[in-house]
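Structure first, commentary second.
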There are 2 protein chains.
Amino acid sequence: MKSYKDKKVISIGVVSELTGLSERQIRYYEQRQLISPERSKGGTRKYSFMDVERLVEIANKMEDGMQTFEIRKEEKQRANREQVRKKMLRGQLNTAFPNQRK
Amino acid sequence: MKSYKDKKVISIGVVSELTGLSERQIRYYEQRQLISPERSKGGTRKYSFMDVERLVEIANKMEDGMQTFEIRKEEKQRANREQVRKKMLRGQLNTAFPNQRK
DNA sequence: CGTGTAAGGAATTCTGACACG
DNA sequence: CGTGTAAGGAATTCTGACACG
């Protein structure tokens, strides 16, 4: 599943160009935990194309007047629904085919 | 067709890590025209994942004792075959369906 | 031919802070 | 709250050259 899209290889200057956001904004959204880049040994931030897409989404929501904590909450809910969905699917499979793999 | 794979966004330090090649080697292969990164306004090189893949291929061929000019020649031949293939295909299509789109 | 390295300078990025609101 | 900015320093990258072979 891990593809190029998820590799953290892009520096903040390029991300700024790709998204149109200022470096200040990008760092601030990280501080608010909306994104989580990796760091090089020296400490420079590295982003993935996934992060770039996410930043564009964030920028849109900010334009709509949404606040950072709201965006973060929204993201957590999305992640939770994902979790529940998987859990339920697993439960149904276990009911239909009990004793499969252990 | 232009996807993430072709976007020139990776700096030479990261490329070095991804490929295991030294920055010196990477710059040298550019000088020998085996790859062609873009430049930022400030002059720093930017590579794509495609370039990274290409560099790994180059590294393998170098290990096999191939020289840079041979690798470059090989690449040109590949590009030429591609050209010819497309031209022939177009010709056959024109024969089968003449006067289609001008 | 292909690659390492020291050298000096320029571009890039980092953090913490002040400012405005 | 979200963002701009000047400040000082550190990490990153660049070029041209010398070296070896």
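Throughout, protein chains are lettered first and strands after them, A, B, ... in sequence-line order, and every chain is numbered starting at 1. The structure displayed is predicted, hence computed values, not measured ones.
Across all their heavy atoms, Leu21(B) and Ser16(B) have their closest contact at O-OG, 2.6 Å.
Residue pairs meeting the ring pair (Phe, Tyr, Trp, His ring centres under 6.0 Å) criterion with at least one partner in residues 69-95 of chain B, sequence neighbours excluded, are absent. Screening residues 38-67 of chain B for ring pair (Phe, Tyr, Trp, His ring centres under 6.0 Å), with sequence neighbours left out, gives Tyr4(A)-Phe49(B).
Atom-to-atom, CD of Gln67(A) to P of dT3(D) comes out at 11 Å; the value is rounded to the nearest Å. Distance, Ile10(B) CD1 to dT12(C) C1': 17 Å, rounded to whole Å. Whole-Å rounding puts the Lys46(B) NZ to dT13(C) C1' distance at 11 Å. The distance from atom CD1 of Ile12(A) to atom C1' of dT12(C) is 11 Å, rounded to the nearest whole Å. Between the NZ atom of Lys41(B) and the C1' atom of dT13(C) there is a distance of 14 Å, rounded to whole Å. Rounded to an integer number of Å, the gap from Glu63(A) CD to dG2(D) P is 15 Å. Following rounding to the nearest Å, Asp64(A) (CG) and dG2(D) (C1') show an atom-to-atom distance of 16 Å. Taking atom CD of residue Glu38(B) and atom C1' of nucleotide dT13(D), one finds them 17 Å apart after rounding to whole Å.
Side-chain N/O atoms of Arg45(A) include none lying less than 4.0 angstrom from OP1 or OP2 on dT13(C). Residue Arg39(B) places none of its side-chain N or O atoms closer than 4.0 Å to OP1 or OP2 of dA10(C). Taking side-chain N and O atoms only, Ser11(B) has no distance below 4.0 Å to OP1 or OP2 of dT12(C). Using a 4.0 Å cut-off, some side-chain N or O of Thr68(B) falls inside it from OP1 or OP2 of dG2(C). In this model, the phosphate group of dG4(D) is approached by a side-chain N or O of Ser22(A) to a distance below 4.0 Å at OP1 or OP2.
With respect to the salt-bridge test (charged N to carboxylate O, under 4.0 angstrom), the residues Glu70(A) and Lys61(A) do not qualify. Between Lys87(A) and Glu82(A), no side-chain nitrogen of the basic residue sits less than 4.0 Å from a carboxylate oxygen of the acidic one, so the salt-bridge criterion is not met. Using a 4.0 Å cut-off between a side-chain N of Lys or Arg and a carboxylate O of Asp or Glu, Glu23(B) and Arg27(B) qualify as a salt bridge.
Heavy-atom distances under 4.0 Å link DNA chain C to Glu23(A), Arg24(A), Arg27(A) of residues 23-37 of chain A, given in residue order.
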What dot-bracket string describes DNA chain C from 5' to 3', counting Watson-Crick and G-U wobble pairs whose defining distances are under 3.5 Å, with [ ] for crossing pairs and | for pairs to another strand?
.||||.||.|.|.||.||||.
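In terms of the salt bridge (charged side-chain N to carboxylate O under 4.0 Å, His left out) criterion, Glu63(B) has no residue partners (sequence neighbours excluded).
In this structure, CZ in Arg32(B) is found 5.0 Å from CZ in Arg72(B), a value given to the nearest 0.5 Å.
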Do any side-chain atoms of residues 5-13 of chain B form donor-acceptor pairs under 3.5 angstrom with protein atoms, and if so which ones, sequence neighbours left out?
{"residue": "Lys5(B)", "atom": "NZ", "partner": "Glu53(B)", "partner atom": "OE2", "Å": "3.4"}
{"residue": "Lys8(B)", "atom": "NZ", "partner": "Ser36(B)", "partner atom": "O", "Å": "2.9"}
{"residue": "Lys8(B)", "atom": "NZ", "partner": "Asp51(B)", "partner atom": "OD1", "Å": "3.3"}
{"residue": "Lys8(B)", "atom": "NZ", "partner": "Asp51(B)", "partner atom": "OD2", "Å": "2.9"}

